[in-house]
Each structure stands twice: as C-alpha cells, then as structure tokens.
2 protein chains.
Amino acid sequence: MSTLTLLPVIQAAACCAPLTRDPLSQSQADDLAKSLKAIADPARLRLISIIAASEGQEACVCDLTEPLDIGQPTVSHHLKVLTDAGFLSRSKRGTWAYYKLVPGALDSLSRLLVTT
Amino acid sequence: MSTLTLLPVIQAAACCAPLTRDPLSQSQADDLAKSLKAIADPARLRLISIIAASEGQEACVCDLTEPLDIGQPTVSHHLKVLTDAGFLSRSKRGTWAYYKLVPGALDSLSRLLVTT
DNA sequence: CCTAAATATCGATGAGTGTCAATATCGATG
DNA sequence: CATCGATATTGACACTCATCGATATTTAGG
C-alpha cells in the first residue's frame with residue numbers, strides 16, 4: 001500500500017474547484033471530459049442505476065445482462081469502462097463477478113458541475 | 001406562451017429522480033446521456049468555464065476563440081451544441097454574438113448525479 | 001450599395017466508439 | 001483432468017463526432 005493510484009474520477013475532482021469557478025486548463029478539461037464521457041452513454045447510465053438500486057449498491061453481471069437489450073460482451077465492455085473510470089469496483093466471488101458503486105465517485109463529479 | 005418547449009437539460013432533469021434512486025428507463029437514459037454528452041468534451045468544458053467566469057456569466061464569441069487552440073468554426077460549432085443542449089443561451093448585439101450560461105442548467109444536471 | 005468584420009454553415013476527413021460474433025479465460029464440479 | 005457455465009477479450013464494422021478549410025450570412029460604416 002505504498003503507492004496509491006488515484007481513481008480517475010477522484011483525480012478529476014482533486015482540483016476541487018467547480019467547473020464554473022475559474023477557467024479550466026487544458027489538462028483539467030481533459031480529465032473532467034474523460035470522466036463525463038464514461039457515464040455519457042445510455043447503457044452505462046442504466047447499468048449504474050441498476051447497480052445503485054441493488055442491495056449494497058452491488059450487482060452480479062448475470063443480473064445486468066437481461067435488463068438491457070445488449071449482448072453479454074457489450075455489457076462486460078461497459079462495466080470495464082465504468083470501472084476504469086473509477087465509478088465501479090469489481091470483485092469476483094466464485095464464477096460470478098460483482099460490480100459495486102464506488103462510494104462518493106458520482107458525488108465528486110456532481111460537485112464539479114454545481115455553480116453555487 | 002401557449003406552447004413551451006422545455007430545454008433538453010431541463011427535460012432530462014424533469015423526472016427529478018436522481019440517477020441512483022431507481023433503474024432508468026431506456027428513454028430516461030437516452031435523455032440524460034444526451035445532456036452529458038453535450039458537456040463531455042474538453043473544448044466545451046473550457047468554453048463553459050470561461051463563460052461562467054465572465055461578467056454576468058456571459059461572453060462574446062470574439063473572446064472565446066483565442067483562449068482555446070481551435071479554429072473559429074469549431075468554436076461556433078461547440079457553442080451551438082451547448083446551446084441546443086440547453087446549457088447556453090445566445091443573444092446577438094450588433095455584429096457580436098454573446099453566449100450566456102442558462103441559470104440552473106448545470107445544477108439540474110448535477111442534482112441528477114448525486115447519490116445522497 | 002459596397003466593403004469589412006464577426007459569426008454561422010457546409011463538406012470532407014480522420015479519430016474515436018458502441019455493438020456484435022467468435023473465442024479465450026477462469027472457476028466450480030464431477 | 002474434462003466439462004460446463006460465467007465472464008472477459010479480440011477483431012471487425014458501422015456510425016458518430018471533433019476539427020478544418022472554404023464559403024455563406026449578417027451587421028455596421030462609409
């Protein structure tokens with residue numbers, strides 16, 4: 001635990017200054033855009049909302065494939081995008097993979113957009 | 001004032017239920033994704049932040065072309081995307097076009113992402 | 001009117017991406 | 001170890017989109 005790699009969402013929020021406080025630098029804008037792109041997709045938003053509504057804000061992939069009208073590889077792809085962006089964490093138990101909301105990740109992003 | 005066309009951002013926020021309250025329907029996810037895609041771009045984020053930091057949260061296009069390293073047609077394109085999405089409003093005074101933050105638009109979006 | 005300046009639109013191009021079918025990997029179980 | 005079910009990866013394809021150069025549109029001034 002010597003090195004700690006910050007999750008992208010957290011990193012984007014690290015500057016902590018809301019979008020509307022000061023002009024964004026190019027790299028700040030790049031980071032924030034990357035986080036926003038990760039959730040700016042209907043399938044990924046539905047995945048997040050389903051996971052968030054599940055017990056412990058955690059859901060098995062097997063429960064995520066049916067509700068959406070997309071194939072299993074595509075669901076797996078979207079879950080990877082959300083995980084790489086820091087919105088979800090993955091834990092495998094037996095054959096099943098469980099994805100969980102990273103506490104505070106969405107809220108960090110939310111705070112960056114607020115103007116007040 | 002018989003017919004009122006809601007701005008896309010406001011429309012996406014109309015359901016008022018945060019992303020993490022209940023599973024999103026396909027159309028709800030489409031609307032929200034559309035709003036998020038509008039701001040999920042580095043150049044557009046910088047435009048928003050510059051406009052927000054300007055007096056009256058309003059800026060002339062002539063002041064937006066230089067700070068970003070992109071051409072004038074591209075700036076115009078991004079401003080149109082943000083305007084169509086409901087984040088900016090446009091008013092022309094003389095030869096100049098001024099873009100202004102739509103009050104509450106970013107906040108509506110921000111509220112949709114919050115988990116608490 | 002004619003010109004010049006500011007902004008918008010158009011057409012093209014190259015990069016990025018959501019989706020799928022096929023296949024690989026991983027873990028449990030017999 | 002062989003098999004099977006669950007999930008991930010790969011490769012390909014269609015589609016979207018950010019950007020640019022060129023051009024059109026609009027407005028002010030002479």
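Below, read A as the first sequence line, B as the second, and so on, with proteins coming before strands; counting in each chain starts at 1. Only heavy atoms go into these numbers, but all of them, side chains included; no hydrogens, no water, no symmetry mates.
Here the CD-OG distance, from E58(B) to S91(B), works out to 5.0 Å after rounding to the nearest 0.5 Å. Separation of atoms CD (Q57(B)) and CD1 (I50(B)) is listed at 14.0 Å; rounding is to 0.5 Å.
Residues L109(B) and L101(B) share a hydrophobic cluster, clusters being chains of Ile/Leu/Val/Met/Phe/Trp/Tyr side chains in contact below 4.5 Å. Both L64(B) and F87(B) sit in one connected hydrophobic cluster of ILVMFWY residues. Membership requires side-chain heavy atoms under 4.5 Å apart, directly or through other members. No path of Ile, Leu, Val, Met, Phe, Trp and Tyr side chains, each step under 4.5 Å between heavy atoms, connects V114(A) with L112(B), placing them in separate hydrophobic clusters.
The interatomic distance linking L36(B) (CG) with dG18(C) (C1') rounds to 17 Å, in whole Å. A straight line from CD of E66(A) to C1' of dG5(D) spans 14 Å, rounded to a whole angstrom. Remark: C1' of dG18(C) and CD1 of I39(A) are 17 Å apart, rounded to the nearest angstrom. Atom CG in L68(B) sits about 15 Å away from atom C1' in dC20(D), given to the nearest Å. A straight line from CD1 of I70(B) to C1' of dG21(D) spans 15 Å, rounded to a whole angstrom. Atom CG of D69(B) and atom C1' of dC20(D) are 14 Å apart (whole Å). Atom CG in L79(A) sits roughly 12 Å away from atom P in dT19(C) (whole-Å rounding). We find that CG of D30(A) is positioned 13 Å from P of dG16(C), with the value rounded to whole Å.
DNA chain C is contacted by both V61(B) and G71(A); V61(B) maps to the nucleotide lying nearer its 5′ end (nearest heavy atom per residue).
By the 4.5 Å heavy-atom criterion applied to side chains, L45(B) and L36(A) are counted as neighbours.
More than 12 heavy atoms of other residues, nucleotides or ligands sit less than 6.0 Å from atom NZ of K100(B).
Contacts of Y99(B) with the nucleic acid, taken as non-hydrogen atoms under 4.0 Å apart, involve only primed sugar atoms and P, OP1 or OP2.
Side-chain atoms of Q72(A) stay outside donor-acceptor range of the base of dA6(D), with no qualifying N/O pair under 3.5 Å.
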**Report entry** Reading 5' to 3' through nucleotides 11-18 of chain D, protein heavy-atom contacts under 4.0 Å coded B for base, S for sugar-phosphate only, - for none
**Finding:** -------S

Requested in this report: Would you give a per-nucleotide map of nucleotides 25-30 of chain C, 5' to 3', where B means the base has a protein non-hydrogen atom under 4.0 Å away, S means only the sugar-phosphate does, and - means neither?
Outcome: --SS--

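Of the nucleotides present, dC20(D) is the one that pairs with dG11(C) by Watson-Crick or G-U wobble criteria, both distances under 3.5 Å. Across all strands shown, dG30(C) pairs with dC1(D); the Watson-Crick or G-U wobble distances both stay below 3.5 Å. Summarising the base pairing, dG30(D) is matched to dC1(C) through a Watson-Crick or G-U wobble pair whose two defining distances lie under 3.5 Å.
Looking at residues two or more places apart in sequence or on another chain, you find no side-chain hydrogen bond (donor to acceptor under 3.5 Å, both in side chains) involving D63(B).
Not one side-chain nitrogen or oxygen of R90(B) sits closer than 4.0 Å to the OP1 or OP2 atom of dT7(C).
Salt bridge status for K80(B) with D84(B): present, with a side-chain N to carboxylate O gap under 4.0 Å.
Listed here is the closest heavy atom pair of Y99(A) and I51(A): O-CG2, 3.6 Å.
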